[in-house]
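Each remark here refers to the structure printed beneath this line.
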Amino acid sequence: MSEESRDFIRKMVASDVSAGVNGGSVATRFPPEPNGFLHIGHAKAICLNFGVAEEFGGTCNLRFDDTNPTTEDERYARAIEDDVRWLGFDWNGPSRYASDYFERLYGHAVQLIKDGLAYVDSSSEAEIREYRGTVTKPGRPSPHRDRPVEESLALFERMRSGEFEDGTHVLRARIDMAAPNMKMRDPLLYRIRHATHYRTGDEWCIYPMYDWAHPLSDAIEGITHSLCTLEFLDNRTLYDWVVDNTRPDIESGELGAWQPRPRQTESARLNLDYTVMSKRKLAELVSEGRVDGWDDPRMPTLAGLRRRGVRPEVIRRFCDLIGVAKADNRVDIGTLEHAIRDDLNRMAPRVMCVLRPLRVEIENYPEGKTEEMEAPYFPSDVGVEGSRKVPFSRVLLIERTDFEQDPPKDFYRLAPGREVRLRYAYLITCNDVVRDPETGEVVELRCTYDPETRGGSTPDGRKVRGTIHWVSCEESLPCEVRLYDRLFSEPNPEEAGDFKAYLNPASLVTERGSRIEPSVAEDPVGTHYQFERLGFFIRDSDGVEEGRLVYNRTVELKDPWARRQVQDDLRLTEQVIVKVEKANKEEAPAGEDTGRRARDEARAADPELAARFERYVSELGLPEEDADLLAGDVAVAELFEGALAVHDSPRGVANWIVNELLRELKDKEMESLPIGGKEIGRLVALVEDGTISGRTAKDVFARLVREGGDPREIVRAEGVEQISDPAELRAIVEGAIDGHPEQAARYRAGQSGLLGFFVGQVMGETGGRANPEVVQRLVREKLA
RNA sequence: UGGCCCCUCGUCUAAUGGCAAGACCCCGGCCUUUGGAGCCGGUGAUCCAGGUUCGAAUCCUGGGGGGCCAACCA
């Protein structure tokens, strides 16, 4: 990961480390549920978790989140371990299992009941749903919500001992049935499930839910940074609740005293064009036989990608390329393909294979003669040494698509009367075309070769544009070639209804009559090749027992000619459409201002607030919008008036409160701020009388919010008074200009946006003390 | 009583309030015994409207658009 542009997670971890949070240690975890195979979306999570641990000298655990006995299986756990190792990562210590913590989790639950924070609910599933309310309707308390602690304790114990049927009781956290965040409406912690767990067998018949098991597992393992995907955002509040309401030693000690204290951070999951990433949907494709197992080369699973011929370093590189952020995304499959080609181009030896053979007889080449043509494994620009011999004889096979009876414009392969180069061999000219008398299909070409061009060179210097691949009819080996393409024909198959309706019928085309040069005969399964002019391929495990050769296409070569043939370049038309749509997009009608409505209601309920609003507009002359914000909340209004008491500048003070203070109040209460109106007033006064620059004021404000104090004192102590004297600034301005001659030239050439660049330089140089207006004038003068 | 998150070239990701950058894709050109690779160049973006500021992709307000949450799944 490059120094200069780190993603927001790495920035956060870096800042935690340097601030000494958790003693500066970093511990992450990758927590899959063993209920399916890992896919490339998991690879993104793996690269993130292991990558962060590596880069900050921390550790990363592998933990199986196996709290649902009905879906999980040992074979998935082993396959996941294999996949993580294959990707090139090694986890900290042994694999961990949430199921190893069942006893401890149970103990924490018992304590939670004792603390009055959980209860056994004996409602039915339907009742619980009913009582939970909806996103717009608050929930109602369950009739069992106030069950005595002893009763819940006894019931919970009996749940564990197996006395109850599935679904008869659950353990719930007692939080808030009316919480706007649905996750906080008394979430379920345990359910009864009489099922055999693949690890704990029949030892348990109650199983913890994700929201209970996950934060506690993190806390138990000493995880510092619990990284997950965006859909768990709402769960974070509950995550923190669990951590804050449990104790490391269960019964004694301080609530939430976990050390380190794990923090959850969410980032966007990966979506890839032309495939699906949901485990459920992938499982469906497998179970319905739409694909040939989890490792079908069309699957986005790591097992599938591996069999397709994608190397682990490619997947890591791909994860690097796509980055980590919070915006929903859908990554172009081309980015993956680029990474694959980039890798294979450098490591895959070139060989020749003819997919759909067309017979070519060289009429002037002696019958029975065979020559060995020397063919390098890599083109010179790759720089890898090595070569093999390719047998050449009178009867050859070339690609059917490399011949055209009536060649289109710019076609420079074989056609009647045309000459092409056979790669590493001779130049040949097509003299005659033999057709099937019945069907008229071309079955054979009659050609002559130029003996002077052995190896493909032209001693006379003539230019031959076309070079095609070939094999000897006699010496080549029969093989099967599987041409894989994207699984779906739609970029986003999940978008509309039944994703299976968009399965690409041509996602696998099998060529059974292909022929390959003999040099590959003994190569093991998993050998990568570039079949010249066709793409990258890998030898598949199928057929080895019978000695058959089977190859999977990993990815095609970039092929502008083929692209041109496929007239409708989808991406291009899509681009045009998007642009047109953008241009035609009408201004949407404005909706209701819900914030304003809330504040209007507050004023309707509080005549004094309403009076303030009126006064701000009529007496103070504030714009209605500002007055609305200032007089929408009593605390804000009082702070405003407190500021006015020390500095009577309604507009200036209002601007500072509206634009700066309101930001601080977004996730904080007014009471928690160490400053009041007086400080704001004094700060604004310092700006308005020119004592400090606006920029310095923001620094001072940030400090005020952090630690309080008197702005005047801070300014004096720090010596950050504004510098407005041109004489004092001139040297600094000149220094900035002389230090950046290139920018100066560009500015003089008309790039006036660079004015800000120079002002920024001077501001930085002076620690924000320079008067920017003066600086701006000086820069203009100097560069005029 | 709904809450929360997100919005930068076609795509993905950068950018202390101070030069909108990189990669993929696409388009030219050079080179070429792969219509590959490589090299050189190019097109192309801050969702919108107000506000704050000397200066806004970034801060404030509002609007628009997208996403997540109402499993005894994770």
Side-chain angles (χ1 to χ4, degrees), chain A residues 4-5 7 33 35 65 67-68 71 125 128-129 132-139 166-167 170 178-183 185 188 190-193 209-210 214 230-235 266 268 273 321-332 334-335 338 341 345 350 379 381-382 410 412 421 423-424 455-457 464 466-469 530 532-534 557-562 569 571-572 574-575 578-579 585 587-588 590-591 593 595-596 623 625-626 628-629 655-656 658-660 662-663 694-695 698 743 746 751 753-761 763-764 771-773 775-776:
Chain A
E4 59 281 1
S5 95
D7 57 71
E33 184 188 11
N35 68 346
D65 226 334
T67 57
N68 183 2
T71 58
E125 195 174 337
I128 289 177
R129 207 185 350 262
R132 185 149 36 214
T134 69
V135 289
T136 53
K137 258 188 24 223
D166 286 9
V170 290
N181 179 353
M182 298 290 294
K183 294 283 180 209
R185 319 244 260 229
L188 274 59
Y190 274 89
R191 77 283 212 187
I192 302 172
R193 197 68 116 228
M209 303 286 290
Y210 168 86
H214 202 92
L230 249 22
E231 65 270 27
F232 292 99
L233 239 160
D234 290 345
N235 299 63
E266 313 81 16
D273 264 357
L321 285 174
I322 60 175
V324 178
K326 285 174 83 168
D328 292 318
N329 61 73
R330 170 151 239 104
V331 175
D332 188 344
T335 306
H338 162 78
R341 290 192 189 100
N345 177 49
R350 322 283 130 133
D381 55 270
V382 173
D410 293 335
Y412 40 88
R421 171 163 34 239
R423 182 131 233 232
Y424 307 129
S457 57
V464 177
T467 300
I468 63 175
H469 60 280
Q530 182 192 108
E532 293 227 24
R533 302 208 304 133
L534 297 176
L557 250 34
K558 273 178 80 174
D559 187 353
W561 171 251
D569 190 338
R571 265 171 291 220
L572 210 63
E574 275 165 11
Q575 278 179 25
V578 166
K579 265 187 187 164
K585 201 171 160 192
E587 195 66 12
D593 182 341
R596 174 68 191 251
E625 197 188 339
D626 289 355
D628 168 45
L629 259 13
N655 280 340
W656 266 84
V658 166
N659 292 304
E660 305 297 326
L662 252 33
R663 174 177 63 241
R695 206 187 112 163
K698 293 201 176 165
Q743 280 83 355
R746 269 156 55 203
Q751 199 174 331
L754 251 29
L755 182 61
F757 168 77
F758 288 110
V759 176
Q761 291 298 317
M763 294 305 281
N771 181 328
E773 281 165 282
V775 173
Q776 216 162 67

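Just so it is clear: chains get the letters A, B, ... in the order the sequence lines come, proteins before strands, and each one is counted from 1. Owing to the predicted nature of the structure, the values given are computational and were not obtained by experimental measurement.
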Which residue, A/Leu321 or A/Ile128, contacts RNA chain B at a nucleotide closer to its 5' end, judged by nearest heavy atom? A/Leu321
If you look at every strand shown and take non-hydrogen atoms under 4.0 Å, does A/Tyr424 touch a base, only sugar-phosphate, or nothing? base
Write down the distance separating the C1' atoms in B/G17 and B/U32, rounded off to the nearest Å. 50 Å
Is there ring stacking between A/Trp561 and B/G35, where the centres must be under 5.5 angstrom apart and the planes under 30 degrees? yes
Measure the spacing between OH of A/Tyr210 and CD of A/Glu33 and express it to the nearest 0.5 Å. 11.0 Å
Should A/Arg350 be listed as having a side-chain N or O under 4.0 Å from OP1 or OP2 of B/G36? no
Both distances under 3.5 Å, Watson-Crick or G-U wobble: on that basis, could you give the dot-bracket string for RNA chain B, with [ ] for crossing pairs and | for other-strand partners? .((((((..((((....[..)))).(((((.......)))))....(((((..]....))))))))))).....
Return the set of residues passing side-chain contact (heavy atoms from CB on, under 4.5 Å) with A/Asp559 (not counting sequence neighbours), or none when no residue passes. A/Trp561, A/Ala562
Sticking with atom C1', work out how far B/C19 lies from B/A56, rounded to a whole angstrom. 15 Å
Establish whether the base of B/G51 is bridged to the side chain of A/Asn655 by a donor-acceptor pair shorter than 3.5 Å. no
Is there, by distance only and without an angle test, a donor paired with an acceptor across the side chain of A/Gln776 and the base of B/C54 below 3.5 Å? yes
In chain order, what residues pass the side-chain hydrogen bond (donor to acceptor under 3.5 Å, both in side chains) check against A/Asn329, with sequence neighbours excluded? none
Sequence-distant partners of A/Pro623, side-chain contact (heavy atoms from CB on, under 4.5 Å), two or more places apart: A/Asp626, A/Arg651
Over all strands shown, is A/Glu33 touching base, sugar-phosphate only, or nothing at heavy-atom distances under 4.0 angstrom? sugar-phosphate
For A/Gln751, is there any backbone N or O sitting under 3.5 Å from a side-chain donor or acceptor partner on A/Arg746? no
Need one value for A/Pro560: base, sugar-phosphate or nothing, where a base atom within 4.0 Å counts as base even if backbone is also close, heavy atoms only. sugar-phosphate
Separation of atom CG in A/Asp381 from atom P in B/U34, rounded to whole Å: 9 Å
Would you kindly compare A/Thr335 and A/Gly595 by the position of their nearest RNA chain B nucleotide and give the one closer to the 5′ end? A/Thr335
Give a yes or no on whether a donor-acceptor pair under 3.5 Å exists between the nucleobase atoms of B/G2, that is its base, and the side chain of A/Asn181. no
Once hydrogens and angles are ignored, does a donor-acceptor distance under 3.5 Å link the base of B/G17 to the side chain of A/Lys698? yes
Tell me what A/Glu231 touches on the nucleic acid: a base, only sugar-phosphate, or nothing, going by heavy atoms under 4.0 Å. sugar-phosphate
What are the two closest non-hydrogen atoms of A/Ala268 and A/Ala327, and how far apart are they? CB-O, 3.3 Å
Expressed as a whole number of angstroms, how long is the span from A/Leu557:CG to B/G35:C1'? 10 Å
Presence of A/Arg341 side-chain N/O under 4.0 Å of B/G38 phosphate oxygens OP1/OP2: no
Any chance you could measure A/His338, atom NE2, to A/Asp332, atom CG, to the nearest 0.5 Å? 11.5 Å
Interatomic distance, A/His214 NE2 vs B/C73 P [rounded to whole Å]: 17 Å
Nearest-angstrom distance from the residue atom CG of A/Asp332 to P of B/A23: 16 Å
Categorize A/Arg132 for me: base, sugar-phosphate, or nothing, with a 4.0 angstrom heavy-atom threshold over every strand shown. sugar-phosphate
When rounded to the nearest 0.5 angstrom, what distance separates CG in A/Asn345 from CD in A/Gln530? 7.0 Å
Can you name the side-chain contact (heavy atoms from CB on, under 4.5 Å) partners of A/Met209, sequence neighbours left out? A/Leu188, A/Arg191
With rounding to the closest Å, how many angstrom separate the C1' atoms on B/G50 and B/U13? 30 Å
In whole angstrom, give the distance that lies between atom CG of A/Leu629 and atom P of B/C59. 16 Å
Starting at atom CG of A/Asn329, determine the distance to atom C1' of B/U11, rounded to an integer number of angstrom. 10 Å
Has the side chain of A/Glu660 got a donor or acceptor that lies under 3.5 Å from a partner of the other kind on the base of B/U52? no
For B/U46 and B/C9, measure between their C1' atoms and round to the nearest Å. 10 Å
P atoms of B/A45 and B/G22, separation to the nearest Å: 15 Å
Let me know the distance between NZ of A/Lys326 and P of B/C6, rounded to the nearest Å. 4 Å
Who are the side-chain contact (heavy atoms from CB on, under 4.5 Å) partners of A/Arg596, not counting sequence neighbours? A/Asp593, A/Arg599, A/Asp600, A/Arg603, A/Phe613, A/Glu624, A/Asp628
Using a 4.0 Å heavy-atom cut-off across all strands, classify A/Leu188 as base, sugar-phosphate, or nothing. base
B/C12 to B/C7 separation - P atoms, rounded to the nearest Å: 12 Å
Phosphate OP1/OP2 of B/A74 contacted by A/Thr71 side-chain N/O (<4.0 Å): no
Roughly how many Å apart are B/G51 and B/G42, using the C1' atom of each and rounding to a whole number? 39 Å
Between the base of B/G35 and the side chain of A/Asp410, is there any donor-acceptor pair under 3.5 Å? no
What's the CG-P distance between A/Asn235 and B/A71, to the nearest Å? 13 Å
Taking the same atom, C1', in B/U58 and in B/C6, what whole-Å distance lies between them? 15 Å
